[in-house]
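Notes to accompany the following structure.
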4 protein chains.
Amino acid sequence: MSQNKKQQLLDAALSLFTRQGIQATATAKIAKEAGVANGTLFHHFASKQVLVETLYLSIKADMATALTPPDTSLSVQAQLQHIWQAAINWGLAHPQQFQFLRQMANDPQYLLSQQHAMLSQALPFLPQLIEQGQQQGELAGWPQPLMLNTCHSLFLSTVSLFAEQPALAADPASRQAAFDMLWYGMARQA
Amino acid sequence: MSQNKKQQLLDAALSLFTRQGIQATATAKIAKEAGVANGTLFHHFASKQVLVETLYLSIKADMATALTPPDTSLSVQAQLQHIWQAAINWGLAHPQQFQFLRQMANDPQYLLSQQHAMLSQALPFLPQLIEQGQQQGELAGWPQPLMLNTCHSLFLSTVSLFAEQPALAADPASRQAAFDMLWYGMARQA
Amino acid sequence: MSQNKKQQLLDAALSLFTRQGIQATATAKIAKEAGVANGTLFHHFASKQVLVETLYLSIKADMATALTPPDTSLSVQAQLQHIWQAAINWGLAHPQQFQFLRQMANDPQYLLSQQHAMLSQALPFLPQLIEQGQQQGELAGWPQPLMLNTCHSLFLSTVSLFAEQPALAADPASRQAAFDMLWYGMARQA
Amino acid sequence: MSQNKKQQLLDAALSLFTRQGIQATATAKIAKEAGVANGTLFHHFASKQVLVETLYLSIKADMATALTPPDTSLSVQAQLQHIWQAAINWGLAHPQQFQFLRQMANDPQYLLSQQHAMLSQALPFLPQLIEQGQQQGELAGWPQPLMLNTCHSLFLSTVSLFAEQPALAADPASRQAAFDMLWYGMARQA
DNA sequence: GATGAATGAGAGTTCATTCAT
DNA sequence: GATGAATGAACTCTCATTCAT
């Protein structure tokens with residue numbers, strides 16, 4: 001029963017957080033939506049902050065699991081595209097989880113570098129792949145923070161756009177365009 | 001004296017909003033920081049919401065004013081670079097205003113399309129310039145929402161990165177790299 | 001100009017008081033409705049309380065003026081009916097003034113005896129007429145407070161009823177019935 | 001413990017409402033008088049409005065319970081007198097409850113017809129009894145609203161008068177007089 | 001006389017958290 | 001483990017009143 005209610009609380013919290021924001025969601029509402037008593041929430045999570053962090057860790061792990069490592073025998077471009085497509089697909093398949101991640105990533109109480117660290121854990125392989133691409137001369141030799149920043153920024157905004165305009169997401173050309181923007185933006189110019 | 005205290009309130013609000021977020025800032029704190037009585041805030045702004053909107057409109061107008069229209073006799077690339085540099089410079093020169101705009105642009109209570117509309121007012125010329133670039137064959141013919149999304153997303157994330165890592169902002173190569181990412185991401189591939 | 005604005009304030013106050021109650025009406029709203037500045041109200045009335053009292057005195061005087069003394073050569077019943085009809089007519093002709101008076105008469109902060117005193121000033125002749133009727137044996141010899149209480153109570157409730165149900169007020173039989181209830185209620189039983 | 005504090009709050013509210021009026025009583029004062037924390041009030045009642053309504057319903061039910069139905073084998077007059085005496089006695093025995101009811105019944109935010117409906121629930125049997133009296137020819141055939149209006153109005157004002165002047169209430173003749181005013185006011189004239 | 005910006009005490013309400021059961 | 005009543009600080013907003021102009 002214990003794990004049961006704990007998970008119900010996490011589910012309810014995710015649903016409410018994406019509907020009305022993290023700050024704007026009262027713990028009492030979460031408990032009610034989960035169908036448990038007010039105090040039960042604090043039995044499983046020491047504070048609202050802990051609940052939020054637990055949810056964040058769980059979602060990050062969930063996403064990391066969904067992103068299978070790219071086949072290293074492929075080209076850097078193919079590998080990056082594999083990661084990109086998997087990430088976009090995960091975001092579209094898990095809109096609440098993605099929305100929550102996006103909210104966390106834009107929380108002004110965290111520094112940008114912390115936000116990058118957060119996202120990088122969800123998008124593993126990425127930093128190494130970029131470095132590899134630079135060493136092989138396929139990617140421009142710009143500073144890593146700049147490259148990562150672009151990857152994260154385009155990932156978040158592209159999923160948001162696709163989620164809001166399903167017609168775009170359903171169009172293979174737009175899907176390809178979204179990746180091309182990332183790739184040619186970072187690619188080394190001949 | 002009137003405009004005096006009203007402006008003090010706007011200044012104090014901006015300062016606090018960027019330090020601790022909009023929701024997390026109490027109206028009483030704003031009044032205290034502004035050195036006025038609690039009720040004075042509500043004499044000038046019917047509600048906290050109105051204060052936020054007033055601040056937003058004022059900042060958006062301020063930014064729009066700072067961005068002079070590009071010389072239309074230049075190439076599309078040169079025009080876009082002009083806008084981009086001016087926008088980046090404005091963001092770095094007005095870190096609080098920029099941070100506030102970024103918070104508003106990421107507020108989950110607005111749809112992405114509304115956020116685009118908001119930003120487009122602060123970045124005029126951009127939609128037309130993109131269209132012009134597409135017609136002249138310099139930019140890829142991808143859907144406008146995709147192009148605008150990339151512009152906004154990279155603008156916001158780049159200024160944030162530069163603001164947090166001044167060394168990058170001070171490096172002309174990084175500055176150029178940031179623009180190149182945008183340009184080659186959107187440019188038509190030969 | 002002075003008397004002008006003072007009267008505008010009294011008019012606005014009466015209108016708002018009857019629409020939303022005395023306590024629920026803010027002085028700022030009164031000033032706004034009167035088309036004068038906030039502080040002007042306190043220029044003419046030392047406090048909201050004074051404004052209310054001034055309004056009350058003015059309405060009471062207005063009503064007293066409207067009620068012409070009965071022809072003392074008539075029977076007590078005819079005299080009472082004259083007063084009653086005049087009072088009812090005044091109430092129906094001045095719904096806002098009446099409503100305000102009724103609000104004052106039901107204010108729990110005043111004792112009932114004070115409320116009687118208030119109403120008696122607006123309905124002069126009544127106490128003496130009742131006494132006269134009792135001496136002549138036409139009215140029952142019950143204590144004055146009981147008689148006055150009935151008069152006031154039926155006056156207030158009858159006008160309220162007629163005001164809310166105009167069809168009743170327009171029916172001469174109902175008008176007569178309302179008076180008969182008062183008269184036969186107080187009349188000496190044979 | 002739950003019902004304990006909830007009842008304490010209702011008791012405190014009733015006491016304060018009758019002393020200083022409903023609007024003029026702050027929720028904080030109620031909580032303080034009840035000896036509970038500020039938030040406890042809102043744990044039991046969603047709003048001040050709900051507290052007021054709960055109190056009203058409870059008092060109305062209390063009064064309705066106290067008024068036993070009249071013996072239908074008696075004359076209409078005897079039945080009416082039974083109801084009248086019971087109502088007056090209840091009002092005098094529960095001065096705070098009565099005062100509160102009176103405040104509600106005079107609240108200008110309700111229409112008179114709503115006020116009648118409210119009182120009729122506390123004074124059941126009355127409408128049918130009046131109709132019966134009219135059919136049997138003992139009461140005048142005037143419109144029901146007029147009759148009910150008189151009943152309510154005289155009930156409220158009589159208890160108020162008796163409560164303020166205990167000497168009157170203690171005098172059997174005055175008690176009888178109060179009822180006679182109602183009866184002969186409504187009785188059919190021979 | 002008239003203005004309206006300024007005040008600050010106080011209103012109703014919310015909410016994360018505690019704790020006795 | 002689970003409950004939900006209880007808490008009290010903090011929130012946004014209201015308002016009668018003051019006063020410099």
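Below, all heavy atoms of this structure are taken into account, side chains as well, without hydrogens, waters or symmetry copies. Throughout, protein chains are lettered first and strands after them, A, B, ... in sequence-line order, and every chain is numbered starting at 1.
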Are C:Glu33 and C:Arg19 within salt-bridge range, i.e. N to O under 4.0 Å?
yes

By side-chain contact (heavy atoms from CB on, under 4.5 Å), D:Lys29 pairs with (sequence neighbours left out) D:Leu16, D:Ala26

- prompt: OP1 or OP2 of F:dG4 less than 4.0 angstrom from a side-chain nitrogen or oxygen of D:His44, does that happen here?
  reply: no

Between D:Val36 and C:Ser47, whichever has its closest DNA chain F nucleotide further toward 5' is D:Val36

By side-chain contact (heavy atoms from CB on, under 4.5 Å), B:Thr18 pairs with (sequence neighbours left out) B:Leu14, B:Gln96, B:Gln99, B:Phe100

In whole angstroms, the gap separating P of F:dC13 from CG of B:Leu9 amounts to 14 Å

With 3.5 Å as the limit, what N/O pairs link the protein to nucleotides 19-21 of chain E?
none

When rounded to whole Å, the CG to P distance for the pair A:Asn4 and F:dA2 reads 9 Å

**Residues D:Asn4 and D:Gln8: side-chain donor-acceptor under 3.5 angstrom** = yes

To the nearest angstrom, the CG-P distance between A:Leu51 and E:dC15 comes to 15 Å

Residues passing the side-chain contact (heavy atoms from CB on, under 4.5 Å) test with D:Ser58, sequence neighbours excluded, are none

Result for 5'-nearest mapping on DNA chain E, choosing between B:Leu41 and A:Ala46, is B:Leu41

- For the pair D:Thr25 (side chain) and D:Gly21 (backbone), establish whether a donor and an acceptor sit closer than 3.5 Å, ignoring hydrogens and angles. yes

Which of F:dC13, E:dG4, E:dT7 is nearest the side chain of B:Thr40? It is E:dT7

From CD of C:Gln7 across to C1' of E:dA2 the rounded distance in Å is 18 Å

Candidate pair C:Phe98 and C:Met63, rule side chain to side chain contact (heavy atoms under 4.5 Å, CB included), full reasoning:
CA-CA 9 Å; C:Phe98 172 78; C:Met63 177 175 174; over 6 Å; no

Apply side chain to side chain contact (heavy atoms under 4.5 Å, CB included) to residues A:Lys6 and A:Thr40 and explain how you reach the verdict.
CA-CA 9 Å; A:Lys6 187 169 183 176; A:Thr40 305; over 6 Å; no

To the nearest angstrom, the NZ-P distance between D:Lys48 and E:dG12 comes to 4 Å

Apply side chain to side chain contact (heavy atoms under 4.5 Å, CB included) to D:Val36 and D:Leu41, showing your working. CA-CA 8 Å; D:Val36 305; D:Leu41 190 154; 5.7 Å; no

In whole angstroms, the gap separating P of F:dA5 from CG of D:Asn38 amounts to 18 Å

Atom CZ of A:Phe45 and atom C1' of E:dT18 are separated, to the nearest Å, by 18 Å

State, yes or no, whether a side-chain contact exists between C:His44 and C:Leu51 at a heavy-atom distance under 4.5 Å.
no

Numerically ordered, the residues 21-35 of chain A set in heavy-atom contact under 4.0 Å with DNA chain F is none

* Asked: With a 4.5 Å limit on heavy-atom distance, are the side chains of C:Phe45 and C:Leu10 in contact?
  -> yes

* Consider only side-chain N and O atoms of A:Asp107 and A:Gln103, and report whether a donor and an acceptor are under 3.5 Å apart. => no

Presence of B:Lys5 side-chain N/O under 4.0 Å of E:dT7 phosphate oxygens OP1/OP2: yes

Stems field, DNA chain F, Watson-Crick or wobble, 3.5 Å, at least 3 pairs, by first number, holds E:2-21 with F:2-21

Rounded to whole Å, the CD-P distance (A:Gln20 to E:dT14) equals 14 Å

